[in-house]
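Note sheet for the following structure.
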Amino acid sequence: MTLEQTARVILLAVALAVLSHELGHACAAWLVGVRVRRFRYGWGPVLLKLGVLEWRPVPIAGAVETEAVGGWRGIVIALGGVFGQWVAWPMVEILSPMVGAWVWLLCVLGTVRLLVSLLGIGSNEHLT
């Protein structure tokens with residue numbers, strides 16, 4: 001596999017991981033009755049805007065903005081992103097094992113990041 005082909009595979013894996021992650025947040029918000037104000041997929045100027053959806057040209061970033069929530073509903077929405085990635089990974093793996101391997105790696109990194117955030121590891125609150 002050439003360097004260009006590898007770069008394309010990695011970009012596709014990141015694009016799929018970001019899309020499934022943001023869809024996970026949006027679906028979780030919908031399930032707990034929280035309104036999604038904006039669903040942004042991609043980076044750069046807006047190419048397409050349909051309702052709350054904003055589609056941008058470079059698929060390496062995304063965000064789901066909801067109305068302010070806290071408590072258990074906020075936790076469910078936070079977990080939704082990682083859950084979305086884990087649901088998408090086997091489907092991507094079936095279509096392309098090479099892309100699937102990268103999506104799996106991004107799933108693991110996203111899960112670790114979420115756990116660190118939820119457990120407060122790395123914060124200085126425990127020092128006071």
Side-chain angles (χ1 to χ4, degrees):
M1 183 178 282
T2 67
L3 183 59
E4 182 181 337
Q5 290 171 325
T6 303
R8 287 181 183 177
V9 166
I10 292 170
L11 181 61
L12 179 60
V14 170
L16 291 171
V18 168
L19 182 60
S20 61
H21 180 90
E22 300 308 334
L23 281 172
H25 286 307
C27 289
W30 176 73
L31 285 171
V32 297
V34 175
R35 187 174 149 260
V36 173
R37 293 185 178 177
R38 185 167 74 155
F39 183 100
R40 181 173 46 99
Y41 177 65
W43 180 79
V46 176
L47 293 178
L48 176 67
K49 184 164 174 56
L50 297 169
V52 299
L53 172 67
E54 292 180 4
W55 203 272
R56 296 163 187 254
V58 185
I60 60 170
V64 173
E65 294 175 15
T66 65
E67 56 191 25
V69 294
W72 69 271
R73 293 190 315 166
I75 292 172
V76 168
I77 294 170
L79 291 171
V82 172
F83 183 75
Q85 284 178 279
W86 282 110
V87 167
W89 167 64
M91 293 181 276
V92 174
E93 183 71 31
I94 290 168
L95 295 173
S96 172
M98 176 61 106
V99 176
W102 284 98
V103 171
W104 177 84
L105 177 63
L106 294 168
C107 287
V108 170
L109 293 174
T111 302
V112 169
R113 182 175 162 248
L114 179 66
L115 289 173
V116 166
S117 174
L118 289 175
L119 296 173
I121 299 171
S123 69
N124 291 330
E125 292 178 15
H126 64 281
L127 298 176
T128 58

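Computed from heavy atoms alone, side chains included, the values below leave out hydrogens, waters and symmetry copies.
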**Report entry** F39 and E22, any side-chain heavy atoms less than 4.5 Å apart
**Finding:** yes

> In terms of hydrophobic clusters joined by side-chain contacts under 4.5 Å, are V9 and L12 together?
Replying inline: yes

- Message: Is there a continuous path of hydrophobic side-chain contacts, each under 4.5 Å between heavy atoms, that joins L105 to W89?
- Response: yes

Tightest non-hydrogen contact, residues G80 and A28, listed as CA-CB, 3.9 Å

W43 and R56 have their tightest heavy-atom pair at N-CB, 3.5 Å

Given the rule that I, L, V, M, F, W and Y join up when any side-chain heavy atoms are under 4.5 Å apart, are L53 and L19 in one cluster? yes

Rounding to 0.5 Å, atoms OG1 (T66) and CZ (R37) come to a distance of 7.5 Å

The reported gap from OG1 in T6 to CG in L11 (rounded to nearest 0.5 angstrom) is 12.5 Å

With a cut-off of 6.0 Å (strictly less than), are more than 12 heavy atoms of other residues, nucleotides or ligands near CZ of R38?
yes

Measure the shortest side-chain to side-chain distance between I77 and V69 over non-hydrogen atoms and say whether it is less than 4.5 angstrom. yes

Any idea how W86 and W104 line up, ring-wise: parallel (<30°), tilted (30 to 60°), or perpendicular (>60°)?
perpendicular

Rounded to the nearest 0.5 Å, the CD1 atom of I10 sits from the CD atom of Q5 at a distance of 12.0 Å

same_hphob_cluster(I75, V82) at 4.5 Å side-chain heavy-atom cutoff: yes

Closest non-hydrogen contact found for Q85 with S20 is CA-OG, 3.6 Å

Shortest non-hydrogen pair, P57 vs P59, comes out as O-CD, 3.3 Å

V14 and L106: CA distance, side-chain angles, deciding distance, side chain to side chain contact (heavy atoms under 4.5 Å, CB included) verdict: CA-CA 8 Å; V14 170; L106 294 168; 3.9 Å; yes

Item to complete: Tell me whether L47 is reachable from I60 by hopping between hydrophobic residues (I, L, V, M, F, W, Y) whose side-chain heavy atoms are closer than 4.5 Å.
Response: no

Nearest heavy-atom approach of A29 to V36 is CB-CG2, 4.0 Å

* For the side chain of Y41 and the backbone of A15, is there at least one donor-acceptor N/O pair under 3.5 Å apart? -> yes

Between the CG atom in L16 and the NE2 atom in H21, the distance rounded to the nearest 0.5 Å is 14.5 Å

